[in-house]
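Only one structure is covered here, and it is reproduced in the block below.
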Amino acid sequence: MQHFIDLLKTRFTSLMPCQLCGLDLQLHHSLCHDCWAGLPWAGQQIHRHELDIWVACHYRFPIDRVIQKFKYEEQLHYQQLLAHCLMSLQLPQVDALVAMPISTQRLVERGFNQMLIIAHIISKQLKLPIWQPVIRSAQHAQKGLSRNERIEKIERQFQIIASERHRYQRVLIIDDVVTTGSSLYALTQALGRLGCTEVYSACIAAGKI
């Protein structure tokens, strides 16, 4: 029965217009062939803040606008597109996914953690559990701080949940946009303290430092 429902959904979706141009039919994860091919693909690893980070796209039009609309304007219909951008990468073999946490304040303001939504799609596709053993304290502006002050402030934001005991050895952090990589680095350090031996990172897009 579920297979039949999924098949109907797939056929119905294939008759809908592309979410970017609105002209041609959806062929690739809610986009038409030309719009999917025209995304600012990167598909490579970049080195930021002592980390090698897999990135699907460059943070340029139209993916920058898609991320902004998804994240700040609650246009959640873009979730499939963004999830499949990540899944276009040659992701490493891991035991669990870790979505970049956001602070309680941001969660209240936004109403959702955008990367947790995407993690659920990837989790279902790759049959991997989602593991969220770290919480994030209030996120404040860092303008005017030195590099070392920014790093120290970000590292203090990530706190291990005291009751967390279910440890995975190999995990993949997923995030939307990487710039300096300081948040990914701080979360990687926290996961290392939990006993993770291999921590990888993948982002939808990479911006310029």
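- Listed by first and then second residue, the salt bridge (charged side-chain N to carboxylate O under 4.0 Å, His left out) pairs that reach into residues 27-43 come to none, sequence neighbours excluded.
- With sequence neighbours left out, the side-chain contact (heavy atoms from CB on, under 4.5 Å) criterion links Arg65 to Phe61, Gln68, Lys69, Glu73.
- Among residues two or more places apart in sequence or in another chain, the side-chain hydrogen bond (donor to acceptor under 3.5 Å, both in side chains) test is passed with Glu109 by Gln105.
- For Asp52, the side-chain contact (heavy atoms from CB on, under 4.5 Å) test picks out Gln45, His47, with sequence neighbours left out.
- Among residue pairs with one or both ends in residues 91-103, those qualifying as salt bridge (charged side-chain N to carboxylate O under 4.0 Å, His left out) are Asp95-Arg170; sequence neighbours excluded.
- Side chain of Gln189 to backbone of Ala186: no donor-acceptor contact under 3.5 angstrom is found.
- Members clustered with Leu23: none, using a 4.5 Å side-chain heavy-atom cutoff among hydrophobic residues.
- Applying the 4.5 Å side-chain rule to ILVMFWY residues, one finds that Tyr72 remains a lone member of its cluster.
- With sequence neighbours left out, the side-chain contact (heavy atoms from CB on, under 4.5 Å) criterion links Gln159 to Ile135, Ser137.
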Side chain to side chain contact (heavy atoms under 4.5 Å, CB included) between Met115 and Asp175, worked out: CA-CA 6 Å; Met115 290 315 301; Asp175 201 1; 3.9 Å; yes
Can you give each donor-acceptor pair under 3.5 Å made by side-chain atoms of residues 196-203, sequence neighbours left out, with the distance rounded to 0.1 Å?
from   : atom 1 : to     : atom 2 : distance (Å)
Thr197 : OG1    : Gln169 : O      : 3.4
Thr197 : OG1    : Gln169 : OE1    : 3.4
Glu198 : OE1    : Tyr200 : OH     : 2.5

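- Listed by first and then second residue, the ring-ring contact (aromatic ring centres under 6.0 Å, His included) pairs involving residues 81-132 are His29-His84, Trp131-Tyr168 (not counting sequence neighbours).
- Hydrophobic cluster membership for Ile130: Leu116 (Ile, Leu, Val, Met, Phe, Trp, Tyr linked by side-chain heavy atoms under 4.5 Å, directly or transitively).
- Panel note: side chain Trp54, backbone Leu86; no donor-acceptor pair is recorded below 3.5 Å.
- Annotation: side chain of Val171 is not in contact with side chain of Leu97 (no heavy-atom distance under 4.5 Å).
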Worked check of side chain to side chain contact (heavy atoms under 4.5 Å, CB included) between Ile204 and Val177: CA-CA 6 Å; Ile204 299 168; Val177 181; over 6 Å; no
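- In this structure, Gln26 contributes its side chain and Pro17 its backbone to a donor-acceptor pair below 3.5 Å.
- Gln44 contributes no side-chain N or O that, together with a main-chain N or O of Val55, makes up a donor-acceptor pair within less than 3.5 Å.
- With sequence neighbours left out, Thr104 forms a side-chain contact (heavy atoms from CB on, under 4.5 Å) with Val108.
- The environment of His77 atom NE2 is dense: over 12 non-hydrogen atoms of other residues, nucleotides or ligands sit within 6.0 angstrom.
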Chi angles and distances behind the side chain to side chain contact (heavy atoms under 4.5 Å, CB included) call for Asn113, Arg106: CA-CA 8 Å; Asn113 177 344; Arg106 291 275 173 90; over 6 Å; no
